[in-house]
Number of protein chains: 2
Amino acid sequence: MARAALSADVVVDLALQVVDELGPAALTLSAVADRAGVAAPSLYKHVRNLAELRGLVSTRITDEIADRVGEAVLGRSADDAVRALMTAWRRYAQRHPHRYSALVQTSGPRTSEAGARLLGILSATLRAYGMDDSAVVHAARCLRAAVHGFAVLEAENAFGLPEQPDESYDLLIRMMAAGLSALRPGPPPATGGGDG
Amino acid sequence: MARAALSADVVVDLALQVVDELGPAALTLSAVADRAGVAAPSLYKHVRNLAELRGLVSTRITDEIADRVGEAVLGRSADDAVRALMTAWRRYAQRHPHRYSALVQTSGPRTSEAGARLLGILSATLRAYGMDDSAVVHAARCLRAAVHGFAVLEAENAFGLPEQPDESYDLLIRMMAAGLSALRPGPPPATGGGDG
DNA sequence: CCAAAAAGCTAAAGGCATTAGCCGAAGGTG
DNA sequence: CACCTTCGGCTAATGCCTTTAGCTTTTTGG
């Protein structure tokens with residue numbers, strides 16, 4: 001091996017720094033090369049091109065989210081787990097808004113691997129509601145859509161009004177938890193109230 | 001006035017063509033200029049720069065969504081209106097996936113005007129549930145997050161599994177409608193699931 | 001000590017955004 | 001009708017970024 005300064009992983013590390021500090025639009029090979037103390041073309045020894053770097057960044061982010069969310073659900077189940085999951089996911093987006101905006105779903109081969117891990121955590125959490133496999137898929141999509149939508153909007157500063165986003169999110173959590181409970185096979189609640 | 005060939009509106013029209021056909025990443029002043037049959041620098045007579053063009057495109061898209069959603073809600077109320085609203089919103093994203101991906105929330109002055117119109121429709125729809133103003137804001141955020149999240153994911157082809165997205169979305173609609181009904185002032189549920 | 005591979009460098013091409021300054025056409029005015 | 005102002009287009013030029021090609025240096029394993 002030659003000078004062990006850089007590696008694909010380190011390049012992704014630096015790319016994340018750039019994203020965090022300057023936003024996804026500033027993620028450029030030049031910017032990363034500067035931080036690496038290296039000329040831009042040298043990066044091609046570690047990464048195929050900018051598109052691939054973006055993909056690696058997305059994969060890394062997805063992995064990080066899966067880590068946090070997976071940890072959050074440990075030892076919890078049903079509504080409790082859903083609340084923990086949603087809270088952890090949003091917290092990640094809040095702490096790294098640029099990073100979250102850089103997240104792109106366009107599934108490359110490796111990105112979908114990280115995505116599958118995250119999806120697995122979602123599905124495992126939802127199985128506690130006693131759904132069949134197909135219902136789990138649909139419910140997981142809904143949960144993911146709600147969380148992702150909220151996180152994206154918040155990361156993009158789309159909530160202009162003075163109302164606390166925390167309160168809005170708490171409402172979303174309750175809506176999702178209630179909706180999932182309603183899917184549980186068994187006696188449905190009579191009223192349209194809390195658990196309905 | 002000189003040759004009335006181009007105008008800011010026409011430039012946005014052409015930009016939308018580019019986005020529809022080639023995706024948001026291909027929205028470039030050169031590409032738009034080509035379609036206009038004009039040299040790239042000429043566009044600066046109609047648009048301040050690429051960033052502004054992107055903003056105008058977003059504004060136009062937001063306006064279109066507000067049109068469709070507003071029309072869909074006409075004469076409906078409560079759950080019925082929510083279903084129509086969510087369906088119309090998603091249909092727009094399905095019919096113009098690239099366009100939807102090009103939508104960016106970063107509120108410029110005019111974009112927020114179109115956004116305010118859309119928000120107004122949402123709020124008016126939710127007021128049928130008898131919420132107070134603050135509750136409407138929180139509920140509107142949740143609804144927006146859920147719809148937007150689903151639409152983004154679907155537009156980015158993030159649903160890989162064979163299960164029908166239509167079914168998933170129907171579930172999301174039911175979850176949101178149920179959740180909103182549960183907010184209606186009235187006899188609170190006995191369990192801790194409700195307002196906790 | 002030597003050779004091969006890894007990792008860096010410079011040079012160069014090509015695309016795009018943006019600025020500056022020029023020119024011709026349209027329209028109104030006297 | 002002649003004029004002149006303004007509008008909208010053009011060319012030239014700059015600078016940034018990606019990407020390819022080919023050279024050089026360093027490291028490492030035998």
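Naming: A, B, ... by sequence-line order, numbering from 1 per chain.
For the pair S30(A) and dT18(D), the criterion of a side-chain N or O lying under 4.0 Å from OP1 or OP2 is met. Between T28(A) and the phosphate of dT18(D), there is a side-chain N or O to OP1/OP2 separation shorter than 4.0 Å.
Comparing dG9(D), dT10(C), dT18(D) against the side chain of A39(A) picks out dT10(C) as the nearest. Considering only the side chain of L29(B), dT18(C) comes nearest among dT20(D), dT18(C), dC10(D). Nearest to the side-chain atoms of Y44(B) among the listed nucleotides dG9(D), dA7(C), dT19(C) stands dT19(C). Distances from the side chain of L50(A) to the nucleotides dT11(D), dT18(D), dG8(C) place dT18(D) closest.
Here the CZ-OG1 distance, from R117(B) to T62(B), works out to 9.5 Å after rounding to the nearest 0.5 Å. Rounded to the nearest 0.5 angstrom, E52(B) CD and L43(B) CG are separated by 12.0 Å. If you take CZ on R95(B) and CG on D20(B), they are separated by 13.0 Å, rounding to the nearest 0.5 Å.
Rounded to whole Å, atom P of dA7(C) lies 8 Å from atom NZ of K45(A). As rounded to whole Å, 14 Å separates atom C1' of dT19(D) from atom CZ of R48(A). Going from atom CG of D34(B) over to atom P of dC10(D) covers 11 Å, rounded to whole Å. Look at CG on L6(A): it is 16 Å from C1' on dT27(D), rounded to the nearest Å. Look at CG on L43(B): it is 13 Å from P on dT19(C), rounded to the nearest Å. Going from atom CG of L27(B) over to atom C1' of dC16(C) covers 12 Å, rounded to whole Å. Residue E52(B) contributes atom CD, which lies 15 Å from atom P of dA17(C) at whole-angstrom precision.
Other residues, nucleotides and ligands contribute at most 12 non-hydrogen atoms within 6.0 Å of the CD atom of E71(B). A 6.0 Å sphere centred on CD of Q17(B) holds more than 12 heavy atoms belonging to other residues, nucleotides or ligands.
Ranked by how close their nearest DNA chain D nucleotide is to the 5' end, H46(B) and N49(A) are led by H46(B).
Note on S42(A): a base of the nucleic acid sits closer than 4.0 angstrom, heavy atoms only.
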